[in-house]
Structure formats: C-alpha cells, structure tokens
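Hydrogens, waters and symmetry mates play no part in the numbers below; they use all other heavy atoms, side chains included.
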Amino acid sequence: MKVENLRVAIVQANLIWENIGENINQLNELLNKVEGDTHLVILPEMFTTGFSMNAEKLAEPDNGTTLRWMIDISSAKGFALCGSFIVKEKNKFFNRLHFVTPQGKVYRYDKRHLFTFANENTKYTPGLSRLVLDYLGWRILPQICYDVRFPVWSRNRGDYDLVINVANFPGQRREIWNTLLKARAIENQCYVAAANRVGSDGIGIYYTGDSQLIDPVGQTISSILPGEEGVVQGSFSRDELDEFRRNFPVLNDADDFVLNQNK
C-alpha cells in the first residue's frame, strides 16, 4: 500500500536516566496522546536510557524487552514506530535505531557518526551501512543525532524522500540543531522529521527538544515549545514533494562521488 499524505508524530519525552522500565511506562502514556490515523511515530535517541555511556549495564540483546515492546505497540496501534536503544551483539555495543512496522517487519540502522566529544566512540561500534527503507511508498533515510552534522552521509542520491533523525541534542547547541535540520531538508529536497528529548540527564546536560517536522524548502510544518514534553504531529505530501522536485530539479546538478563506508 502507498499513501499520498504520510501522517507523522514525534514523541518529545523527558527521559528517565538509565531506567528502561520507567521510560517504557512513561512512553506508553505519551503514545496515548497520538491523535488520529497516524502512519509513523518517532521516539528519541536511546529512548529507554538517555544518552548513556554505561553500555555494559544497560545493553539489551537486539530482540530483547525493548524491541518486543516496540513490535507489540506497533501492531496494537497500527502505526510504524522507530527510535534507538543500546544493543549488545557479539560482544560489541551499538547505538541502534529500530524501525518497526505494524506487520512486524524490523529495519535496523547503527549510528555511523559516534560523538567523540562524549567518548561514545570508546563504548560503541560505528555502523558501516547507510539504510534507506520503503514504508507506504515513502523512501526513508533514518539517522541518529550527530549524523546530522555530516552532509555527505545525508546526501540525497535520488534515493529517498524523508530523513528521520532521533536525537539527544543538548540545549546549549539548539541553534545548531535547528539550522542543520533545515539545511539537510533544503540541500536534499526532502522532508525532515527530527525527534529530540527534553529535561536534564544524569550528568546534568539539559535538552530543549525542538522536535519538528520540516518541508523541503526549510519551513517548519509542526513543532513543540522548547522544553515541553508532548507530541508533535503533521503530514507530508507526496504530490507537493514531487512537484517541487520537478519544477526545481537542483539534485540533477549535484557532483558525483563515491562514499567509503568502511572507513
């Protein structure tokens, strides 16, 4: 099935530090606030723990409690659900995004750009592959937080329509977050759906959220007040995207390049 208007919701949550069970409980409540016939719901980065480097204590197997919860929620509510959590696989740790459909299909993306400033690179293994998935006729590129700073990784090769970014992006850099999200939409002629957390984490970092839906010309479709816990909702139009690309085909003039994904 394909849909002309993709209806998207973002959950902007005040994550509870390193407490998987409590985060799932509060997300259950926030998900009840999603209104209407929604196709896709997006959760923040590390939505069960906050942006923690305590991987040894908090990591789950890929098919553990959190993924089973995502599958159950997606099936019961009839929308796709995505977000990242900490996974242990073959004695390595990953900041892994899972995209779950109501039919039980699971797509996975491991964060490519690890945040060395917070020593994420010393705890987690970087992903090697970019993922573009198809959902309801929409080609979607999922990314995680720091990935937004690297336009080569986001480069639209004519292969996607929507970028999803799930994040724990600090409030002290909120202008950078807001600017980069608009830049990714404009330069790639795509929609952007960005989910960030709010509140303070266990090491005192404050997050304003600024979760939002953005159109291909960099205009905000829907957003939520900084620091506010809640749900952002809106829709993306396939016809409007296709018409904009036909009338202003700048991607045809892009430079060719080869990306070394194994670096």
Side-chain angles (χ1 to χ4, degrees), residues 13 15-24 27 42-74 80-101 104-135 140-155 159-160 163-170 194-197 201-203 205 207 258-263:
L15 301 179
I16 301 165
W17 187 245
E18 298 185 346
N19 193 321
I20 295 173
E22 285 301 311
N23 279 307
I24 287 177
L27 287 169
I42 306 168
L43 307 176
E45 177 185 23
M46 291 193 184
F47 63 84
T48 56
T49 60
F51 188 60
S52 174
M53 298 302 104
N54 196 1
E56 294 86 352
K57 175 184 176 182
L58 300 170
E60 304 177 49
D62 185 82
N63 62 349
T65 299
T66 299
L67 182 58
R68 292 197 301 271
W69 171 78
M70 293 180 73
I71 292 171
D72 289 344
I73 288 289
S74 180
L81 185 64
C82 74
S84 86
F85 59 91
I86 304 168
V87 170
K88 182 177 182 180
E89 185 174 271
K90 297 180 180 178
N91 294 318
K92 294 181 179 180
F93 301 106
F94 298 90
N95 184 349
R96 178 171 293 172
L97 179 146
H98 294 73
F99 186 109
V100 178
T101 73
K105 174 71 175 177
V106 180
Y107 298 92
R108 296 167 174 85
Y109 165 70
D110 293 328
K111 187 177 184 180
R112 167 67 169 177
H113 299 94
L114 301 180
F115 191 41
T116 57
F117 187 75
N119 296 316
E120 187 181 14
N121 60 308
T122 68
K123 295 292 184 177
Y124 297 92
T125 298
L128 298 178
S129 299
R130 200 175 85 146
L131 170 68
V132 177
L133 63 95
D134 185 281
Y135 178 61
I140 300 173
L141 177 74
Q143 298 194 332
I144 302 175
C145 201
Y146 195 42
D147 286 331
V148 75
R149 282 184 175 266
F150 302 94
V152 171
W153 194 244
S154 303
R155 173 72 170 276
D159 57 350
Y160 72 83
V163 171
I164 291 172
N165 189 293
V166 305
N168 276 210
F169 210 101
N196 196 17
R197 66 158 296 173
D201 66 18
I203 55 176
I205 296 175
Y207 303 84
V258 176
L259 182 63
N260 180 8
Q261 298 188 149
N262 295 315
K263 183 177 178 180

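Considering only heavy atoms from C-beta on, V100 comes within 4.5 Å of L67 through its side chain. With contacts defined as side-chain heavy-atom distances shorter than 4.5 Å, the pair S154/D147 does not qualify. Side-chain contact between D159 and R130 is present, with at least one heavy-atom pair separated by less than 4.5 Å. With a 4.5 Å cut-off on side-chain heavy atoms, L27 and W69 count as touching. Within the 4.5 Å cutoff, the side chain of I205 has no heavy atoms near those of the F51 side chain. A heavy-atom distance below 4.5 Å is found between the side chains of V166 and L97.
Rounding to the nearest 0.5 Å places CZ of F99 at 8.0 Å from CD1 of I42. Note that CZ of F150 and NE2 of H113 are 5.0 Å apart. Values are rounded to the nearest 0.5 Å. Here the NZ-CG distance, from K105 to D134, works out to 11.0 Å after rounding to the nearest 0.5 Å. In this structure, the separation between NZ on K111 and OG1 on T125 is 13.0 Å, given to the nearest 0.5 Å. Distance check, rounded to the nearest 0.5 Å: CG of D110 to CZ of F93 gives 13.5 Å. Atom CD of E18 and atom OG1 of T48 lie 10.5 Å apart (nearest 0.5 Å).
Of all heavy-atom pairs spanning N196 and A167, the tightest one is OD1-O, 3.1 Å. L81 and S74 get closest at one heavy-atom pair: N-OG, 4.3 Å. Pairing each heavy atom of E45 with each of C145, the nearest pair is OE1-CB, 3.2 Å. In terms of heavy atoms, M53 sits closest to E56 at O-OE1, 4.2 Å. Contact detail for T122 and N119: the closest heavy-atom pair is OG1-O, 2.7 Å. Closest approach of L114 and P126 over heavy atoms only: CD1-N, 3.6 Å.
Listed by first and then second residue, the salt bridge (Lys or Arg N to Asp or Glu O under 4.0 Å) pairs that reach into residues 58-74 are D62-R96, D62-R108, sequence neighbours excluded.
Remark: of the listed residues F85, Y109, Y107, F85 is the sole one forming a ring-ring contact (aromatic ring centres under 6.0 Å, His included) with H98.
Using a distance-only test at 3.5 Å, with no hydrogens or angles considered, no donor-acceptor pair links the side chain of N165 to the main chain of A194. Judged by distance alone, with hydrogens and angles left aside, the side-chain atoms of T101 form no donor-acceptor pair with the main-chain N or O of A80 at under 3.5 Å.
Ring-plane geometry between F117 and F115 is classed as tilted, the angle between the planes lying from 30 to 60 degrees on a 0 to 90 degree scale.
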Legend entry - Intermediate values then yes/no, side chain to side chain contact (heavy atoms under 4.5 Å, CB included), N168 and D201: CA-CA 10 Å; N168 276 210; D201 66 18; 5.9 Å; no
Inset, instruction - Determine, stepwise, if the pair L15 / Y207 fulfils side chain to side chain contact (heavy atoms under 4.5 Å, CB included). - result: CA-CA 10 Å; L15 301 179; Y207 303 84; over 6 Å; no
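Not counting sequence neighbours, K88 has no partner by the salt bridge (charged side-chain N to carboxylate O under 4.0 Å, His left out) test. Applying the ring-ring contact (aromatic ring centres under 6.0 Å, His included) criterion to Y124, with sequence neighbours excluded, gives no partner residue.
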